[in-house]
Amino acid sequence: MALGAHTGTQVRQQNTQETPAHALRTPNKAPTLGVVTPNGAAIRSFREKCGLSLRRLAHLIDRDPGYVSRIEAEQRGAAEDTLRQIAAVLQVPVAAITREKPRDQE
């Protein structure tokens, strides 16, 4: 095996040996923010104000219309890149079509 090359098992074993489990625990304080999810109603509202059909928006961001429909219905999340593309097409900041939730509500 080459110097520095490890299998996944070897790396995991090394990591757990180097860092005791109690060192990984964090106190249960106030929830941290940072989970960004699409705001489907806002996406739909901006899309309609722009005069775009769901199919047209899906085409412009190179996604399936069903996927965009599920995002708008908040049945599905969206990757950061997808949210950026949607915001760019709708000419709004990403913050206008997302919401941030506490991590404990994921």
Set of side chain to side chain contact (heavy atoms under 4.5 Å, CB included) partners for Ala96, sequence neighbours left out:
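In terms of side chain to side chain contact (heavy atoms under 4.5 Å, CB included), with neighbours along the sequence ignored, Ala96 is linked to Phe46, Val92, Pro93.
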
_Closest heavy-atom pair and its distance - Pro65, Leu54_ =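 That would be O-CD2, 3.1 Å.
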
Could you tell me which non-hydrogen atom of Pro38 sits nearest to which non-hydrogen atom of Ala78, and how far apart they are?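 Heavy atoms of Pro38 and Ala78 come nearest at CG-N, 3.7 Å.
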
- List for me each residue that meets salt bridge (Lys or Arg N to Asp or Glu O under 4.0 Å) alongside Arg56, sequence neighbours excluded, and say none if there are none.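 In terms of salt bridge (Lys or Arg N to Asp or Glu O under 4.0 Å), with neighbours along the sequence ignored, Arg56 is linked to no residue.
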
How many angstroms lie between atom [atom1] of [X] and atom [atom2] of [Y], to the nearest 0.5 angstrom?
X: Ile43; Y: Leu57; atom1: CD1; atom2: CG; result: 8.0 Å
X: Asn39; Y: Ser45; atom1: CG; atom2: OG; result: 9.5 Å
X: Thr37; Y: Glu74; atom1: OG1; atom2: CD; result: 7.0 Å
X: Ser69; Y: Gln75; atom1: OG; atom2: CD; result: 7.0 Å
X: Leu83; Y: Ile61; atom1: CG; atom2: CD1; result: 9.0 Å

Worksheet item: Considering residues at least two apart in sequence or located in another chain, which fulfil the side-chain hydrogen bond (donor to acceptor under 3.5 Å, both in side chains) criterion with Gln91?
Response: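 Per chain and number, Gln91 pairs via side-chain hydrogen bond (donor to acceptor under 3.5 Å, both in side chains) with no residue.
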
So, using side-chain hydrogen bond (donor to acceptor under 3.5 Å, both in side chains) as the criterion, who are the partners of Thr82 when residues are at least two apart?
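Arg63.
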
Exercise for the section: Assess whether atom CG of Asp81 is packed by more than 12 heavy atoms of other residues, nucleotides or ligands within 6.0 Å. Expected result: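 Result for CG/Asp81: enclosed.
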
Considering only residues two or more places apart or on different chains, which pairs with a residue in residues 87-98 satisfy salt bridge (Lys or Arg N to Asp or Glu O under 4.0 Å)?
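Every pair satisfying salt bridge (Lys or Arg N to Asp or Glu O under 4.0 Å) with a residue in residues 87-98: there are none.
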
**Item:** Residue pairs involving residues 37-55 (criterion salt bridge (Lys or Arg N to Asp or Glu O under 4.0 Å); sequence neighbours excluded)
**Value:**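 Output for this query lists Arg44-Glu72, Arg47-Glu72.
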
**OP:** Find out whether Leu60 and Ile86 are in side-chain contact, i.e. whether some heavy atom of one side chain is under 4.5 Å from a heavy atom of the other.
**Re:**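 No, side chains not in contact.
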
